[in-house]
Structure formats: C-alpha cells, structure tokens
Amino acid sequence: MKKLLYDMQVKQPIDVENSINSGQVFLWKKNDKYWYGINGQDVLQVDEYGKIKSLKNYKTDFFRNKDNFDKIIKSISKDKIVKNAVKKYPGLRITKQDPFQCIISFIISSNSNIQKIKNNLENISKRFGERIEYKDQEFFLFPNARILSKASINEIKKCGVGYRAEFIKEAAKIISSEKFKIENLKTDSYSDAKKKMCIIPGIGNKVADCILLFSLDKLEAFPLDRWMIRILEKYYSKKFQLNTKTITEKQYEILHKKIVDYFGPYAGYAQQFLFKMERENYRKKWL
DNA sequence: CAATCCCCTATGCA
DNA sequence: ATGCATAGGGGAT
C-alpha cells in the first residue's frame with residue numbers, strides 16, 4: 001500500500017539545469033544534450049529529464065527522487081518569499097553527492113568563488129584521479145581519500161588551493177582511517193553528524209552544513225554563508241533579528257535553531273530555493 | 001598597476 | 001566562556 005501511494009505521487013519533473021547550477025556541484029559540464037558530472041569514483045550522464053546513466057552503475061539517488069516533494073514543499077512554504085522561490089524553480093533539487101568529494105569541494109570553497117573552486121577541483125581530479133573514457137569523452141575521476149591522504153602538501157598546492165592543502169590532506173587522512181566511517185554519519189542525528197564533521201580541520205559551521213545537506217541526508221542543515229545572511233537580512237529581518245556582520249559560532253547555532261523552528265525539518269530545501277532565487281536576481285555565474 | 005572582492009576557518013587577544 | 005579582528009592562495013575585475 002505504501003509502495004502504491006509512493007508510485008501514485010505526482011512528481012514535479014527534475015529541473016536538471018537549475019539543480020546543477022545552484023552552487024551545489026562543481027565538476028559538471030553539458031555536452032550536446034546531456035549533462036556529465038564526476039561523482040566520486042563514478043561519472044554520471046544525465047538527460048534532460050534527470051534520468052541517470054553511469055560509468056560504473058553505482059546505485060545513486062543523485063537528485064533525491066525518493067524524497068516526498070509534495071510533503072516537503074508544503075512543509076517549507078511558510079510565507080510568500082519561499083512560495084515565490086518554489087514557484088520560480090519548481091524542479092530544483094538538493095543533490096546527494098559522494099561524501100568525500102563533497103567534503104573536499106566545500107573545504108576548498110572557503111574564502112573563494114565558484115569559478116576558482118571549479119578550477120581547483122578539476123586540477124585535483126587531473127593530478128590525482130584516474131583517467132577514464134566514457135561515452136567517447138575523457139574524464140578524470142575524483143581521487144579517493146586514501147590517495148589524497150598520501151599526497152604531499154606541495155603536490156596538493158600545485159592545484160591552486162593554497163593554505164587549504166594542509167586541510168585537504170588532513171581531511172583525507174581522517175576519512176580514510178579505519179575509525180571514521182563516513183557512511184555511518186547518514187544514520188546519525190544532525191547534531192551528532194555535525195559534531196563529527198567539525199573535527200576535521202577546515203570544516204566549520206557553514207562548510208559542515210553544506211556537506212551534511214548535499215551528501216549526508218541531513219535536510220535540516222541550513223548553510224549560513226554571506227549570501228544567506230544577506231537574504232535573511234533582506235526578507236526576514238523581523239523574524240530572525242540579525243545583529244552583527246561577523247557571525248560567531250554561538251550566533252550561528254542560535255540562528256540555526258530559529259530557522260529550523262520556523263521552516264521545519266526540511267529547512268535545507270528552503271535554503272536552496274531562496275539561495276537560487278537571490279543569486280539569479282544578481283545574475284551570478286554558476287559554472 | 002594597485003586595490004579590492006570573493007559562498008570561511010582558525011587563531012589570538014580582549 | 002564569548003566576542004572581535006585578522007591572516008590566509010590566487011584569480012578576476
């Protein structure tokens with residue numbers, strides 16, 4: 001019966017273009033009519049409907065098709081602002097990425113911009129990842145944690161990541177160690193998983209929330225970066241009074257609590273719709 | 001050509 | 001304990 005109900009849900013089609021162009025992923029490119037993206041040790045080929053084929057056929061629910069969108073949209077639609085954003089980008093999805101690649105991507109994102117993040121990640125793939133051919137095209141897979149944990153700081157620096165090279169190596173060491181089972185974080189609570197993520201150097205509040213939301217199924221994660229703070233100041237200044245420019249750890253925690261109180265357990269989806277809407281208003285480039 | 005701007009974290013000091 | 005200022009690639013503008 002449950003299965004039947006699931007199948008009967010009318011699903012909003014996936015908006016592949018806008019989901020990829022929403023600041024979540026960096027190693028994607030469009031070729032003719034397909035999008036191709038590196039997801040860890042796999043390459044995904046995605047058609048205009050979001051149907052996925054892949055090099056290794058690893059099972060993935062990359063666009064979170066199993067989420068109950070009716071329920072989620074209803075849940076986050078608390079006001080006109082979110083409702084408008086949802087109406088504008090109805091097929092926008094949160095991605096479910098390879099966790100290690102996601103970790104390195106967002107460690108690199110700090111004090112950077114999308115163009116540079118993309119270059120850095122491409123350099124890492126080319127230097128440390130396996131070269132493969134798929135659908136008559138050349139790709140470089142993302143190196144696994146073990147390989148990056150053994151790379152030298154200097155080699156990593158050659159990818160243009162600067163002072164983040166130490167963070168990357170250390171993160172790779174932790175992730176590849178026996179004790180740290182990254183997949184187990186998927187079944188941990190949000191706050192447990194977040195505590196564990198923040199042990200890794202280069203990962204603070206914001207980066208942890210990106211990783212939790214985009215790769216570890218924590219849909220209440222709500223990354224608060226400069227842009228989101230600006231958005232909250234613009235549309236929600238009464239609801240969440242933002243006092244300072246520099247948001248400290250304690251303030252971040254308090255603000256996140258208020259946000260989850262307001263938007264509910266799928267707050268991360270609200271974040272993605274708001275973020276996409278505002279960045280498009282400013283005509284920011286994505287890839 | 002210098003100055004400034006970027007999706008932040010870690011650190012040191014008050 | 002908490003707040004605040006600042007350093008830290010490098011590329012684009």
Side-chain angles (χ1 to χ4, degrees), chain A residues 18-28 85 92 94-95 97 101-124 126-127 151-172 174 194-215 221-235 241-257 259 267-268 270-287:
Chain A
N18 278 321
S19 299
I20 286 169
N21 288 313
S22 63
Q24 302 183 58
V25 294
F26 307 95
L27 291 176
W28 284 74
L92 181 66
I94 300 270
T95 55
Q97 307 173 31
Q101 183 178 332
C102 193
I103 287 168
I104 301 303
S105 300
F106 286 97
I107 286 176
I108 286 174
S109 77
S110 84
N111 199 18
S112 192
N113 54 64
I114 287 177
Q115 209 49 241
K116 188 164 173 271
I117 299 164
K118 186 181 145 95
N119 285 337
N120 292 166
L121 289 169
E122 279 174 1
N123 292 340
I124 288 176
K126 279 187 184 144
R127 189 171 286 268
S152 76
I153 301 285
N154 265 336
E155 278 291 279
I156 300 173
K157 275 193 175 156
K158 283 178 188 160
C159 301
V161 298
Y163 65 96
R164 304 171 194 81
E166 280 94 344
F167 295 160
I168 292 169
K169 186 176 168 76
E170 202 51 38
I174 292 172
K194 183 155 182 179
K195 275 177 206 138
K196 290 178 190 169
M197 285 307 315
C198 288
I199 290 167
I200 299 170
I203 299 184
N205 265 312
K206 186 268 176 185
V207 169
D209 277 333
C210 288
I211 296 162
L212 293 173
L213 180 59
F214 302 142
S215 73
F222 194 104
L224 289 161
D225 57 13
R226 273 196 177 74
W227 278 90
M228 271 322 293
I229 296 290
R230 247 179 263 168
I231 291 167
L232 295 181
E233 277 169 346
K234 184 170 170 186
Y235 300 108
Q241 52 270 62
L242 295 291
N243 9 356
T244 45
K245 278 259 181 217
T246 46
I247 184 153
T248 65
E249 205 165 317
K250 194 73 193 166
Q251 290 169 324
Y252 191 108
E253 200 181 312
I254 292 165
L255 185 52
H256 180 258
K257 277 211 178 75
I259 284 166
Q271 184 270 355
Q272 203 57 30
F273 283 108
L274 292 170
F275 188 75
K276 175 69 182 173
M277 178 183 70
E278 199 68 359
R279 293 275 296 196
E280 288 295 342
N281 286 343
Y282 283 85
R283 299 174 186 282
K284 282 287 182 184
K285 277 194 193 162
W286 295 106
L287 280 179

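Just so it is clear: chains get the letters A, B, ... in the order the sequence lines come, proteins before strands, and each one is counted from 1.
Counting distance only, with no hydrogens placed and no angle test, the side-chain atoms of A:Lys206 and the base atoms of B:dC7 include a donor-acceptor pair under 3.5 Å.
Partners of A:Phe273 under the ring-ring contact (aromatic ring centres under 6.0 Å, His included) rule, at least two apart in sequence or in another chain, do not exist in this structure. Scored by the side chain to side chain donor-acceptor pair (under 3.5 Å) test, A:Tyr252 finds A:Asp209 as partners (sequence neighbours excluded). Shown here are the side chain to side chain donor-acceptor pair (under 3.5 Å) partners of A:Asn120, two or more places apart in sequence or in another chain: there are none. For A:Gln271, there are no side chain to side chain donor-acceptor pair (under 3.5 Å) partners two or more places apart in sequence or in a different chain. Not counting sequence neighbours, the partners of A:Ser215 by the side chain to side chain contact (heavy atoms under 4.5 Å, CB included) test are A:Gln97, A:Pro99, A:Cys102, A:Ile211. Residues satisfying the side chain to side chain donor-acceptor pair (under 3.5 Å) criterion with A:Lys126, sequence neighbours excluded, are absent altogether.
A:Glu155 and A:Ser152 share no donor-acceptor pair across their side chains, judged by distance under 3.5 Å alone.
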What does nucleotides 7-12 of chain C look like as a protein-contact string, B for base, S for sugar-phosphate only, - for none, at under 4.0 angstrom between heavy atoms?
-BBB--

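Side-chain proximity of A:Lys250 to the nucleotides C:dG3, B:dT9, B:dC7 is greatest for C:dG3. When distances are taken from the side chain of A:Arg230 to each of B:dC8, B:dC7, B:dA10, the shortest belongs to B:dC7.
Nucleotide B:dC7 holds its P atom 18 Å from the CG atom of A:Asn205, rounded to whole Å. Residue A:Ile231 contributes atom CD1, which lies 11 Å from atom P of B:dC7 at whole-angstrom precision. If you measure from atom CD1 of A:Ile203 to atom P of B:dT9, you get 9 Å, rounded to the nearest angstrom. One can place NZ of A:Lys118 at 18 Å from C1' of B:dC6, the figure rounded to the nearest angstrom. With rounding to whole Å, A:Asn281 atom CG is found 15 Å from B:dC7 atom P. In this structure, A:Tyr252 atom OH and C:dG3 atom P are separated by 16 Å, rounded to whole Å. As a whole-Å value, the separation of A:Glu249 CD from C:dG3 P is 10 Å. The distance from atom CG of A:Leu232 to atom P of B:dC7 is 16 Å, rounded to the nearest whole Å.
Listed by first and then second residue, the salt bridge (charged side-chain N to carboxylate O under 4.0 Å, His left out) pairs involving residues 162-172 of chain A are A:Glu170-A:Lys173 (not counting sequence neighbours).
Paired runs in DNA chain C that reach 3 or more consecutive Watson-Crick or G-U pairs, where each pair keeps both distances under 3.5 Å, cover B:3-6 with C:10-13, B:8-14 with C:2-8.
Remark on DNA chain B: of its neighbouring residues A:Gly202 and A:Ile117, the 5'-side contact belongs to A:Ile117, judged by nearest-heavy-atom nucleotide.
For A:Arg230 and A:Glu278, the salt-bridge test fails: no basic side-chain N is under 4.0 Å from an acidic carboxylate O.
Aromatic ring pairs are classed by plane angle as parallel below 30°, tilted from 30° to 60° and perpendicular above 60°; the pair A:Phe214 and A:Phe106 is tilted.
Spacing between B:dC7 and C:dG3 at atom C1', rounded to whole Å, works out to 23 Å. One P atom belongs to C:dG9, the other to B:dT11, and the distance between them is 14 Å to the nearest Å.
Using a 90° window around 0 for the glycosidic torsion, C:dG8 falls outside it and is classed as anti.
Using a 4.0 Å heavy-atom criterion, one finds that A:Pro201 contacts the sugar-phosphate atoms exclusively.
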